[in-house]
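All values derive from a computational prediction rather than experimental measurement. Within every chain, numbering begins at 1; the chains are lettered A, B, ... in the order of the sequence lines, protein sequences first and strands thereafter.
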Amino acid sequence: MLQVSRIKAEKNNIITALGKRGWSSDRMAILDQVIELDNSRKSIQTENDSYLSERNSLSKEIGQLFKAGKQDEANEAKKKVELLKTQIAETEEKLGRAVSKLEELLLEIPNIPHSSVPAGQTDEDNEVAKPWSDALPELGSEALPHWELATKYNILDMKLGVKITGAGFPVFRGKGSRLQRALINFFLDEASKAGYEEIVPPLLVNADSAKATGQLPDKEGQMYYVEKDDLYLIPTAEVPVTNIYRGDIVNVADFPIKLTGYTQCFRREAGSYGADVKGLNRVHQFDKVEIVQFQHPDQSYIALEEMVQHVEGLLQKLELPYRILRLCGGDLSFASALTYDLEVYSAAQKRWLEVSSVSNFETFQSNRLKLRYKDADGKKQLAHTLNGSALALARIIAALLENNQTEKGIVIPEALRSYTGFDIID
RNA sequence: GGAGAAUUGGCCGAGUGGCUUAAGGCGCUCGCUUGGAAAGCGGGUAUACCUCAAAAGGGUAUCGGGGGUUCGAAUCCCUCAUUCUCCGCCA
């Protein structure tokens with residue numbers, strides 16, 4: 001959520017920036033609506049505060065009059081307050097309406113893209129920030145996609161998931177299960193080495209948390225919801241981990257705050273079926289290690305690069321061909337100012353699979369979180385938040401299975417062998 | 001799940017309708033004092049919003065959350081949440 005003060009101060013910049021996201025000039029009218037509504041909100045509040053102030057001083061007077069035994073004067077004053085109360089009820093209702101309408105409008109405005117974000121509408125327009133310079137792996141014609149390899153080696157059973165739960169809930173078994181666990185431990189160890197504190201958060205969150213990181217109201221249909229307890233299953237560890245600092249005022253000296261967490265992630269992905277989402281390409285439940293940083297605004301873009309490098313390091317150790325995309329304005333998520341997607345080449349499917357998305361949200365999330373720090377002058381400022389997948393398992397496994405298939409079986413990359421305890425799946 | 005008790009500032013804690021501008025203490029911080037330190041003494045020490053060109057100052061709200069009663073609520077009522085004790089169930 002953008003701050004109203006920023007919309008007022010930087011309206012023209014914001015118009016340019018939203019243009020990058022493909023906003024038409026009609027939609028830009030919302031900015032003026034916000035400014036106008038905020039001005040009227042202020043004048044209503046000023047009015048209301050003066051009524052409240054009057055009521056408070058009259059009430060005090062009444063108390064003193066009663067004590068002095070001046071019943072008549074006291075009753076006179078009571079009548080005045082009686083009138084004021086009607087007035088207050090009216091202005092308070094107006095104020096409440098203005099505040100909620102303002103918030104409604106603000107929730108419709110996405111984050112301002114960073115200056116380096118390329119213009120463009122769709123994923124076709126994303127910029128390849130770092131291409132894969134070597135030759136892409138070529139497999140023979142007998143190469144199998146991961147869902148067939150999974151059956152061949154009995155390490156993953158999608159049909160069993162259908163029986164137990166429904167479509168999109170994979171069941172890993174045997175070496176597939178071990179591989180899963182190995183990757184989780186590998187990713188967490190690497191994050192710890194990079195200075196991230198490990199967190200095991202709750203997998204269900206309340207509405208306040210979901211709202212603070214932007215899942216509500218924007219992506220309500222994306223989350224599984226437990227009605228009886230009014231809780232949401234997390235779509236990513238970002239939600240509970242980022243909310244650790246909701247409402248906090250931290251010390252500048254605490255920056256950078258670096259957290260990592262492994263969780264299972266649950267996404268309804270309503271209405272998506274077809275070849276693109278076959279096997280592990282898109283599932284309702286998957287495992288992911290997430291990295292999160294809270295940063296001083298001056299440092300956040302340095303941190304973003306560092307996070308991308310961390311994820312690159314993981315892919316290098318797993319010996320997977322990857323490329324890095326800088327998302328264009330149209331493909332950028334609602335809350336993000338700058339996002340790098342890391343994609344891994346899946347040799348059997350002959351396509352790039354997104355395995356990580358690393359973003360700087362600047363103050364967009366922290367404004368909802370109310371996460372602040374005190375600057376050198378003791379003034380409170382919003383912190384910057386960043387997060388990235390490091391990494392999402394399902395698609396990594398898909399790529400590992402496909403790219404590493406040989407006649408003898410699926411070869412486990414060197415870096416993982418101490419975690420898996422075996423070097424081939426056969 | 002049932003019964004009872006509780007929730008006050010960074011922390012402890014007083015406060016049963018107007019004397020609260022939330023006492024007192026601890027912590028933190030600044031100053032005085034000192035050769036230096038401790039002790040002592042004095043000051044400061046929540047958040048959001050409004051007002052003000054800015055600062056200073058002023059106003060409003062917040063005593064777990066929400067709602068209500070009242071001229072007036074930390075205090076009374078309703079409701080929800082959380083914590084503790086006991087019972088039940090349980091990996």
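Screening A:R395, A:Q405, A:E402 for a side chain to side chain donor-acceptor pair (under 3.5 Å) involving A:H146 leaves a single residue, A:E402. Looking at A:N48, A:D49, A:T46 one by one, the single match for side chain to side chain donor-acceptor pair (under 3.5 Å) with A:T91 turns out to be A:N48.
Between the side chains of A:T339 and A:S336, a donor-acceptor pair is found at a separation under 3.5 Å.
Nucleotides B:A38 and B:G27 are separated by 12 Å at their P atoms, to the nearest Å. Of the P atoms belonging to B:U62 and B:A74, the separation is 7 Å, rounded to the nearest Å. B:A23 and B:G1: their P atoms are spaced 40 Å apart (whole Å). With both ends at atom P, the span from B:A53 to B:A46 equals 26 Å, rounded to whole Å. If you take atom C1' in B:G17 and the same atom in B:U70, they sit 9 Å apart, rounded to whole Å. Here the separation of B:U75 from B:G15, taken at their P atoms, is 15 Å to the nearest Å. Nucleotides B:C76 and B:U69 place their C1' atoms 8 Å apart, quoted to the nearest Å. Here the separation of B:G58 from B:G64, taken at their C1' atoms, is 30 Å to the nearest Å.
Scanning RNA chain B 5' to 3' for nucleotides with an atom closer than 4.0 angstrom to a non-hydrogen atom of chain A gives a first and last hit of B:G18 to B:G72.
Among the protein residues, A:Q64 comes within range of no part of the nucleic acid, since none of its heavy atoms lies under 4.0 Å from any strand. Across all strands, A:I62 comes closer than 4.0 Å to base atoms (heavy-atom distances). Contacts of A:N56 with the nucleic acid, taken as non-hydrogen atoms under 4.0 Å apart, involve only primed sugar atoms and P, OP1 or OP2. Contact annotation for A:K80: no contact, since no heavy-atom pair falls under 4.0 Å across all strands. At a threshold of 4.0 angstrom between heavy atoms, the contacts of A:K379 with the nucleic acid are absent.
In a base pair of the Watson-Crick type (N1 to N3 plus N6-O4 or O6-N4) or a G-U wobble (N1-O2 and O6-N3), with each distance short of 3.5 Å, B:A56 is matched with no nucleotide. Remark: B:G9 base-pairs with no nucleotide in the shown strands. Criterion, Watson-Crick or G-U wobble with two distances under 3.5 Å. Across all strands shown, nothing is found opposite B:U20 as a Watson-Crick or G-U wobble partner with both distances under 3.5 Å. Here B:G36 sits opposite no nucleotide as a Watson-Crick or G-U wobble pair (both hydrogen-bonding atom distances under 3.5 Å). Under the Watson-Crick or G-U wobble criterion, with both distances below 3.5 Å, B:G27 is paired with B:U45. Checking B:G72 for Watson-Crick or G-U wobble geometry (two distances, each under 3.5 Å) identifies no partner in any strand. Pairing for B:G1 goes to B:C87, judged as Watson-Crick or G-U wobble with the two contacts each under 3.5 Å.
For A:F255 and A:Y373, the ring centers sit closer than 6.0 Å to each other.
Residues satisfying the side-chain contact (heavy atoms from CB on, under 4.5 Å) criterion with A:K408, sequence neighbours excluded, are A:T406, A:I424.
Residue A:Q45 is the one, among A:K85 and A:Q45, whose nearest nucleotide of RNA chain B lies closer to the 5' end (criterion: closest heavy atom). Place A:L52 and A:L58 on RNA chain B by their nearest nucleotides, and A:L52 ends up nearer the 5' end.
A cation-pi arrangement is absent between A:R21 and A:W23 under the rule of less than 6.0 angstrom and at most 45 degrees off the ring axis.
Between A:F266 and A:Y224, the ring planes are perpendicular. Angles over 60° get that label, and only those under 30° would be called parallel.
A 4.5 Å side-chain heavy-atom check between A:L52 and A:I88 finds at least one atom pair inside the cut-off.
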